[in-house]
*Asks:* 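Dropping a structure here in structure tokens format, bear with me for questions.
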2 protein chains.
Amino acid sequence: MTDGTTRDQIVQAADRLFYTQGYENTSFADIAEAVRISRGNFYYHFKSKHRILDAVIDERLADTRDMIAAWEAASPDPADRIRAYIDIVITNRADIERFGCPVGTLTTELAKLNHAAQQEANAIFTLFRDWLRDQFAALGHGADADAHAMHVLAFSQGVATLSNAFRDRDFVGREVQRMHDWLDALKTA
Amino acid sequence: MTDGTTRDQIVQAADRLFYTQGYENTSFADIAEAVRISRGNFYYHFKSKHRILDAVIDERLADTRDMIAAWEAASPDPADRIRAYIDIVITNRADIERFGCPVGTLTTELAKLNHAAQQEANAIFTLFRDWLRDQFAALGHGADADAHAMHVLAFSQGVATLSNAFRDRDFVGREVQRMHDWLDALKTA
DNA sequence: GTCTATACAGGGATAGAC
DNA sequence: GTCTATCCCTGTATAGAC
């Protein structure tokens, strides 16, 4: 992914800028400046802003798959894996406080822009959703696995949005604890 | 609020457009077209886009206070009032599916824009937060009242974000039920 | 593959007539 | 209070030299 080619540097810079500033609010000049290339050179690599967005989403999909693979490698226990997801809001709290969740804020922005890439961005959510569903199914909650997966996703989005607004780490810690308790209760049920 | 003056029509139109299209993505031309006035006339009423945003936020603060007053008038039972808040995600589901939560999406966008009005937008959240806290306190949960208030806010934001991404009404219904159950358990605790 | 130069549209904002 | 005309900047995108 990060092989250092100009194209890849563009994707990396755009990824970060789309996250920190928003897609609409990020200009080619912003990205060009970050990569230290001219705006003209830009169009050799990407014909339009839409194409950069596509590449960024592909990058994020790949990053998400890597993250999931790392969680799977770290523990065979589905509950551990779900906890790893829950704990993202702590792991990434610094960024979340300033910019929200990268997935949630992008899908929300694209929805308002009525952007064609909205479905592709939603695919990142779906990646998490399906994987969480599989973990709940492995825990023996097949019937409610998808509902539980969505519940965990909703938790992370809610915490991210309010963490961004209030920057209250105690709040994040409490909500994470709540989810851990809920998960423990689910296992013994 | 809606006295029909041009200024007020501008605020109304901007309010809706900022919600449906986003603040950054809404131009003066968009608003002028919606109100059917010229762009020039615009600047008689508002000197800058920032000022319109301020007016929109003030409008939303007033609307929020009205909504809260209506809930208070509808029932003296704090649990009923909290349920009224929880049920927003059903009441407004059509808009939420398309545009997300008006409060959450605005604060998130302003955070990324590093916009000066971010704190004012957060005040809408605070209005709900403080009111919910008072309801939980009235239920006898003074010590955890603010934490519970934040929990309910997080619920609504999480549901709104995922409702926007997946447009799954069954999911919304399930999450609302979960919150009602949680609230009932809290009352008997 | 990278650059400069440039075209062109759109957006914020102002001036001044009515 | 509302309009038209206009300025200036930014943003996307293209052409063509190196």
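Throughout, protein chains are lettered first and strands after them, A, B, ... in sequence-line order, and every chain is numbered starting at 1.
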*Asks:* I'd like to know whether the aromatic ring centres of A/His115 and A/Tyr23 sit less than 6.0 Å apart in this structure.
*Replies:*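 Ring centres of A/Tyr23 and A/His115 closer than 6.0 Å.
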*Asks:* Does a side-chain N or O from B/Tyr44 land closer than 4.0 Å to OP1 or OP2 of D/dT2, or not?
*Replies:* no
*Asks:* Does D/dG1 have OP1 or OP2 under 4.0 Å away from a side-chain N or O of B/Asn41?
*Replies:*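 False: B/Asn41 side-chain N/O out of range (4.0 Å or more) of D/dG1 OP1/OP2.
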*Asks:* Using distance alone, with no hydrogens and no angle criterion, decide if B/His180 and B/Arg83 have a side-chain donor and acceptor under 3.5 Å apart.
*Replies:* no
*Asks:* What integer distance in Å separates A/Glu33:CD from D/dT10:C1'?
*Replies:* 14 Å
*Asks:* State, with a plain yes or no, whether a side-chain heavy atom of A/Asp80 is found less than 4.5 Å away from one of A/Trp71.
*Replies:*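 They are not in contact (no side-chain heavy atoms under 4.5 Å apart), so the answer is no.
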*Asks:* Please tell me whether A/Tyr85 and A/Phe128 form a close aromatic pair, meaning their ring centres lie under 6.0 Å apart.
*Replies:*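 Ring centroids of A/Tyr85 and A/Phe128 are less than 6.0 Å from each other.
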*Asks:* Just the rounded figure in Å: distance from P of D/dT12 to NZ of A/Lys47.
*Replies:* 18 Å
*Asks:* Using whole Å, report how far CD of A/Glu24 lies from P of C/dG10.
*Replies:*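 Distance check: A/Glu24 CD to C/dG10 P gives 14 Å.
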*Asks:* Counting heavy atoms from C-beta on, name the nucleotide in C/dT2, D/dC3, D/dA13 closest to the side chain of B/Ile37.
*Replies:*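 Per side-chain heavy atoms of B/Ile37, the pick is D/dC3.
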*Asks:* Report the nucleotide, chosen from D/dA13, D/dT2, C/dA13, that has the shortest atom-to-atom distance to any side-chain atom of A/Ser48.
*Replies:*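 From the listed options, D/dA13 comes nearest.
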*Asks:* Give the rounded distance in Å between these two atoms: CZ of B/Arg39 and P of C/dA13.
*Replies:* 13 Å
*Asks:* Using whole Å, what does the distance between atom C1' of nucleotide D/dG1 and atom CD of B/Gln9 come to?
*Replies:* 13 Å
*Asks:* Closest approach to the side chain of A/Lys49, judged atom by atom: which nucleotide of D/dT12, C/dG1, D/dT2 is it?
*Replies:*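 Closest of the options to the side chain of A/Lys49: D/dT12.
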*Asks:* Indicate, with a heavy-atom threshold strictly under 4.0 Å, whether A/Phe28 touches base, sugar-phosphate, or nothing.
*Replies:*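 Sugar-phosphate: the residue A/Phe28, judged by heavy atoms under 4.0 Å, touches backbone atoms but no base.
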*Asks:* Let me know the distance between OH of B/Tyr23 and P of C/dG11, rounded to the nearest Å.
*Replies:*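 Distance, rounded to whole Å: 14 Å.
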*Asks:* Measuring from the side chain of B/Ser38 (C-beta onward, heavy atoms only), which nucleotide among C/dG11, D/dT4, D/dT12 has the closest atom?
*Replies:*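 Nearest to the side chain of B/Ser38 among the choices is D/dT4.
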*Asks:* Which one of A/Leu106, A/Thr107, A/Asn114 satisfies the side-chain contact (heavy atoms from CB on, under 4.5 Å) criterion with A/Leu110?
*Replies:* A/Leu106
*Asks:* Can you figure out which of C/dC3, C/dA13, D/dT12 approaches the side chain of A/Tyr43 most closely?
*Replies:* D/dT12
*Asks:* B/His45 side chain N/O closer than 4.0 Å to the phosphate oxygens (OP1, OP2) of D/dT2?
*Replies:* yes
*Asks:* B/Arg51 has an atom CZ; how far is it from atom P of C/dA13, in whole Å?
*Replies:*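 Between P of C/dA13 and CZ of B/Arg51: 11 Å.
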*Asks:* Rounding to a whole Å, what distance do you find between B/Phe46:CZ and D/dG1:C1'?
*Replies:* 14 Å
